[in-house]
**Student:** 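Below is the structure I would like to discuss, written out as structure tokens.
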Amino acid sequence: MERTLILVKPDGVKRNLVGEVLSRIESKGYAIVALKMMSADRELLTRHYAEHEGKPFFEPLVEFMASGPIVAVVAEGNRVIEGFRKLAGVTDPTLAEPGTIRGDLARDQGTKVVQNIVHGSDSVESSAREINIFFPEL
Ligand code: DAT
Ligand code: MG
């Protein structure tokens, strides 16, 4: 069965949207198989976002992701990687379709890094790598 790593980012936690995000995952029919609230440090975030190192938004991204607690989730189900990316909507919350998490719950805040409530793994390879970073015990 496929698994994906989902993060409720600091903006989502601060705005009390953890339950809303979990509800959308569960209502879609995916199973939550691991869940924890945590603070991510620079080292962990640099590993997680390695593909973005060197990009202009990398430092703001790491700083934002370390700015408060996050909730890390492993969800499971057939095609959950693709399915959660559809639930999340596209990266830019202004362009994300209404009905998606980002489209319904986020907007452009004028910050250096886009703040968009959730992360979701984008491939089978990424999900395995990211689950191992956040849940090495799994
Ligand atoms: P996604 O989270 O949709 O997979 P990504 O992996 O390309 O997007 O980027 C990681 C995060 O970095 C994204 O959720 C928001 C931020 N980000 C991406 N592109 C950006 C840009 N051009 N300017 C500012 N922030 C950006
Ligand atoms: Mg990504």
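Both ligands and their constituent atoms are indexed starting at 1 by order of listing.
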**Student:** Among all protein heavy atoms, pick the one closest to atom 3 (O) of ligand 1 and tell me residue, atom and distance.
**Tutor:** T91 OG1, 2.6 Å

**Student:** Any side-chain to backbone donor/acceptor pair from Q115 onto D11? Under 3.5 Å, distance only.
**Tutor:**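 No, the answer is negative, given that no donor and acceptor are paired below the 3.5 Å cut-off.
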
**Student:** What is the ring orientation for H52 with F57, classed by angle as parallel under 30°, tilted 30 to 60°, or perpendicular over 60°?
**Tutor:**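 Tilted: the ring planes of H52 and F57 meet at 30° to 60°.
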
**Student:** Which residue holds the protein heavy atom closest to atom 7 (O) of ligand 1, what is that atom called, and what is the gap in Å?
**Tutor:**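 In this structure, atom 7 (O) of ligand 1 has H52 CE1, 3.5 Å as its nearest protein heavy atom.
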
**Student:** What do the steps show when you test E51 against R129 for salt bridge (Lys or Arg N to Asp or Glu O under 4.0 Å), and what is the final call?
**Tutor:** CA-CA 12 Å; E51 64 172 310; R129 192 181 69 80; 5.5 Å; no

**Student:** Look at the side chain of N116 and the backbone N and O of R102, then say whether any donor-acceptor pair between them is shorter than 3.5 Å.
**Tutor:** no

**Student:** Pull out every atom of ligand 1 sitting under 4.0 Å from any heavy atom of K112, numbered as shown with elements.
**Tutor:**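 Answer, ordered by atom number: 24 (C).
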
**Student:** Let me see the working for E82 and R85 under salt bridge (Lys or Arg N to Asp or Glu O under 4.0 Å), right down to the final yes or no.
**Tutor:** CA-CA 5 Å; E82 182 187 5; R85 298 275 295 183; over 6 Å; no

**Student:** Using a strict 4.0 Å cut-off to heavy atoms of N116, name the atoms of ligand 1 that fall inside it.
**Tutor:**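 Answer for ligand 1: 13 (C), 14 (O), 15 (C).
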
**Student:** Could you tell me, atom by atom, which parts of ligand 1 come under 4.0 Å of a heavy atom of R102?
**Tutor:**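 This gives 1 (P), 2 (O), 3 (O), 14 (O) as the contact atoms.
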
**Student:** Check each heavy atom of L61 against ligand 1 and say whether those closer than 4.0 Å belong to the side chain, the backbone, both or neither.
**Tutor:**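 Answer for L61: side chain.
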
**Student:** Which bit of Q115 is near ligand 1, meaning a heavy atom under 4.0 Å away: side chain, backbone, both or neither?
**Tutor:**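 No part of Q115 comes within reach of ligand 1.
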
**Student:** Has R15 got a side-chain atom pairing as donor or acceptor with L105's backbone, closer than 3.5 angstrom?
**Tutor:**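 Checking the backbone N and O of L105 against the side chain of R15, a donor-acceptor pair under 3.5 Å is found.
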
**Student:** Identify the closest protein heavy atom to atom 25 (N) of ligand 1: which residue and atom is it, and at what distance?
**Tutor:**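 Residue, atom and distance for the closest contact: V114 N, 3.1 Å.
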
**Student:** Judged by non-hydrogen atoms, does M65 sit under 4.0 Å from ligand 1?
**Tutor:** no

**Student:** Nearest to atom 12 (O) of ligand 1, what protein heavy atom do you find, and at what distance?
**Tutor:** F57 CE1, 3.5 Å

**Student:** Any atom of ligand 1 sitting under 4.0 Å from a heavy atom of K9?
**Tutor:** yes

**Student:** Counting each atom of ligand 1 from 1 as listed, which ones have a heavy atom of V113 under 4.0 Å away?
**Tutor:**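 Once the distances to V113 are compared, the set is 16 (C), 24 (C), 25 (N).
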
**Student:** At less than 4.0 angstrom from any non-hydrogen atom of R85, what atoms of ligand 1 do you find?
**Tutor:** 1 (P), 3 (O), 4 (O)

**Student:** Between E63 and K112, is the side-chain contact (heavy atoms from CB on, under 4.5 Å) condition met? List the steps.
**Tutor:** CA-CA 11 Å; E63 195 175 314; K112 281 183 192 160; over 6 Å; no

**Student:** Start with the C-alpha gap between L5 and V73, add the side-chain angles, then the distance that decides, and say whether side-chain contact (heavy atoms from CB on, under 4.5 Å) holds.
**Tutor:** CA-CA 6 Å; L5 180 83; V73 178; over 6 Å; no

**Student:** Do R24 and D104 sit within salt-bridge range, that is, some charged N less than 4.0 Å from a carboxylate O?
**Tutor:** yes

